Amino acid sequence: VLPRIATSELIDQFRTMVRIRRFEESLIRLAEEHDVGHFHVYVGQETTGVPALALLEDGDVAYTTHRNHGHLIARGVDPARMLAEILGRSTGTNRGKGGTLHLASNEHGFPTTSSSVGGPLPIAVGSGYAFKELGLDRVSVCVFGDGALEEGAWHEAINIAAVWSLPVIFLCENNSLEALGQRANEYPSSTLAAQRLTDLVRPFKVPAVAIDGADAAAVHREMRRAIRRARTDGGPSFIETWTVRWPGSRPIWPQLVTGETDLAFAWDASAIPAEHAEWFGRQDGLLIHLRDLLAAGRLTRDGALAIDREAREEMAQAVRFALDSPHPAPEEALEDVFA
Amino acid sequence: MTTTTAPSVAGVRKMTYAEALVLGLRRALEADDRVRLMGQYFVGLTEHRKLVADLRDDFPDRVWYPPIAEIGYVGTGIGAAISGLRPIVDIATASFIFQAFSQVVNEAANVRYMTGGQTSVPAIFHVNHGIRGGGAAQHSHSPQAMMWNTPGLRIMLPSTPRDVYGLLRTALESDDPVFWADHVKLFDITGPVVEEGWEAIPFGVADVKRSGTDVTIVATSYMVQRSLAAAESLAGEGISVEVVDPRTLVPFDLDAILASVHRTGRLVVVDECHRSCGVAAEISALVAEHAFDALKGPIRRVATLDVPIPFARTLEAFVEPSEAKICAAVRAAVA
């Protein structure tokens, strides 16, 4: 099932998804030889972030988290400058002051990226408040994981957004499905007494839906509805997207445990390694989406492979750009504290 | 309690600190459409709170009373500042800032730096700090030392009606987050304020509140008033005390303080933070580093004793930096 949009837009969005996938795979390889600190990748969630954020317009803001790479690429940030930032280079998006956890690009609608779980929730509400007060037809989106709903900040933020009827969209990427938790020396899945995350929203009378994050059509439909509500003074919305956690994101440090994604897996199941049949055969949103595109005749296999070749080449150049970029001069540590 | 005298020549009027504070808020709302007030306890629960209610009556769309949610509304203020407003966020009793510490310290103070200078947070965070009398352990904090330990925040600590009025103008024009602490015992202090023109008092410019030759007292916030009272009584003993008020901790006017220490050769630092790692500790260290040779004796600190603030007035008086303790420290310095 595909979003009801023009083929050219569908292909643009697919291209962005592939670029995100190749970016993250390149990063994991890069991190094997370079210290980038603790990092998080967006593999497996492309079908959420890309169709959701593609609906935003210039001036709309998005606040993301430690798992931000896909969101920035989705809104047009240059992967080369992102990788430079992740390597702590002076050409980075944040001039080397932020790193992977804080990738931000104000001109692309990412004013600041906090890796404090739950921290950005009320800040996103504040942008929505400003837009309403300034009479601007803009939307503030907060993208966060299910873990943020364990924070008190969540309760306080949605309460204010609801009471003041602000143009805010809470986009919760629930990637705890399939996460085995601490016993397996992995990230814990969310620890909430609430059975459904949307149960945490209903008392505030905020519209809440839970959808499959691998279903780009559902993401597009619900996000478009939420944006329309925000722009017509209808107040906040909550969208939960279910995402199966990529096996490489289960360990505390990301690993390319499945190997690189071969787009041919979408049409040649026999090429899928048996140990990753579940992931590539049934769970990977990127391949699910590609199969839909092929089945609908919106894209050919050759077309997909051509997009992939370009994406690989772009990321190879981005890696070279980042590695060739200078380190910040030490005394730059003293800059940017105050205006 | 609120004694308002008629305006006199040149627009100078004697008014209470609370009046000057709220007048500054009114001027801010008048001067800049982007200003929003969040909160209703700018002058605490004192009788002066009617002044804030009047502001809300006059600016009903721009004075917001948020829910009891310090994380939520402080964060809302941060996002509002990022997206084009100039929010003045009232956290009321300073102890409540701990609820919102992550937002102030880990978000607002870091935004400009960790984005490599891309994004500003021109928000003002206001608190009523200090030992108010019976506030006990959870309503008596002076968190300014903790904020001073947080790069990225500007800090203003007014001590007079004139200062709160003028410093607020500078705070409003700052593109950086400002932490603004008023002492609850300042609200009834009266003094002259030049109403007309709303002249800004710049940050980072200390004010010599009283000139003297024997001892320098560096004091902040309400401790300026207490030090002035101490200086007056010490004058009767023949001790000439200079009282210097830095007015802002960030930026900090070290030069003015060093100049005074060079004149007097003796330093007493008076501040209401707890003694360990408090504002007085940092000021003492700065002077020791930069003017050791000018000192005729050890620097003395008068600060709150390192215990939680107790309720009973006898206990409270024992732990706070009192006028008697200030006098004793000055006498010891000149002995």
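Source: prediction; values computed, not measured. The figures here come from the full heavy-atom set of this structure, side chains too, leaving out hydrogens, waters and symmetry mates. Every chain is numbered from 1 and lettered A, B, ... according to where its sequence line falls, protein lines coming before strand lines.
At most 12 non-hydrogen atoms from other residues, nucleotides or ligands lie less than 6.0 angstrom from OH of B:Tyr41. By the neighbour-count criterion of 12 heavy atoms within 6.0 Å, atom CD of B:Gln138 is sparsely surrounded, having that number or fewer from other residues, nucleotides or ligands. Heavy atoms of other residues, nucleotides or ligands lying less than 6.0 angstrom from CD of B:Glu173 number more than 12. The environment of A:Asp58 atom CG is sparse: at most 12 non-hydrogen atoms of other residues, nucleotides or ligands sit within 6.0 angstrom.
The minimum heavy-atom distance between B:Ala80 and A:Tyr129, with the atom names listed, is CB-CD2, 3.8 Å. For B:Glu107 against A:Pro120, the heavy-atom pair with the smallest separation is OE2-N, 4.4 Å. Of all heavy-atom pairs spanning B:Gly152 and A:Val337, the tightest one is N-CG1, 3.6 Å.
Applying the side-chain contact (heavy atoms from CB on, under 4.5 Å) test between B:Ile78 and each of A:Thr112, A:Ile123, A:Val125 identifies A:Ile123 as the sole match.
Comparing A:Gly98, A:Gly152, A:Ser127 by heavy-atom pairs within less than 4.5 Å of chain B, the highest count is held by A:Ser127. Comparing A:Ile158, A:Thr93, A:Asn94 by heavy-atom pairs within less than 4.5 Å of chain B, the highest count is held by A:Asn94. If you tally non-hydrogen atom pairs under 4.5 Å between each of A:Gly99, A:Pro328, A:Ser105, A:Gly92 and chain B, the highest count goes to A:Ser105. When B:Leu153, B:Asp175, B:Val121, B:Asn106 are compared by the number of non-hydrogen pairs under 4.5 Å with chain A, B:Leu153 comes out ahead. Comparing A:Ala157, A:Gly96, A:Ser116, A:Gly118 by heavy-atom pairs within less than 4.5 Å of chain B, the highest count is held by A:Ser116. The residue among B:Ala100, B:Pro122, B:Ala108, B:Gly117 with the most heavy atom pairs within less than 4.5 Å of chain A is B:Gly117. Heavy-atom pairs under 4.5 Å with chain B were tallied for A:Ile160, A:Leu166, A:Val163; the largest tally goes to A:Ile160.
A cation-pi arrangement is present between B:Arg154 and A:Phe338 under the rule of less than 6.0 angstrom and at most 45 degrees off the ring axis.
Side-chain N or O atoms of B:Gln118 include one that pairs as donor or acceptor with a backbone N or O of A:Ala104 at under 3.5 Å. Remark: the backbone N or O of A:Ala130 is not paired with any side-chain donor or acceptor of B:Ser83 at under 3.5 angstrom. In this structure, B:Gln103 contributes its side chain and A:Gly119 its backbone to a donor-acceptor pair below 3.5 Å. The closest donor-acceptor contact from the side chain of B:Tyr73 to the backbone of A:Glu156 lies at 3.5 Å or more, if one exists at all.
Contacts of A:Glu335 with chain B are made by backbone atoms alone, with heavy-atom separations under 4.5 Å and no side-chain atom involved. Contact of B:Pro67 with chain A is made through the side chain alone, with heavy-atom distances under 4.5 Å. Both the backbone and the side chain of A:Asn106 have a heavy atom closer than 4.5 Å to some heavy atom of chain B. Using a 4.5 Å cut-off between heavy atoms, A:Ser140 makes no contact with chain B at all. B:Asp61 touches chain A through its backbone: at least one of N, CA, C or O sits under 4.5 Å from a heavy atom, while the side chain does not. Neither the backbone nor the side chain of A:Ala124 comes within contact range of chain B, judged by heavy atoms closer than 4.5 Å.
Annotation: side chain of B:Leu85 is not in contact with side chain of A:Phe131 (no heavy-atom distance under 4.5 Å). A 4.5 Å side-chain heavy-atom check between B:Tyr113 and A:His102 finds every atom pair outside the cut-off. Using a 4.5 Å cut-off on side-chain heavy atoms (C-beta onward), A:Pro122 and B:Ile71 make contact.
Taking OG1 of B:Thr115 as the start and CD of A:Glu85 as the end, the distance is 10.0 Å to the nearest 0.5 Å. One finds the CG atom of A:Asp336 at 12.0 Å from the CG atom of B:Asn110 (value rounded to the nearest 0.5 Å).
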Is there a side chain to side chain contact (heavy atoms under 4.5 Å, CB included) between A:Phe110 and B:Thr119 once you walk through the steps? CA-CA 9 Å; A:Phe110 296 97; B:Thr119 302; over 6 Å; no
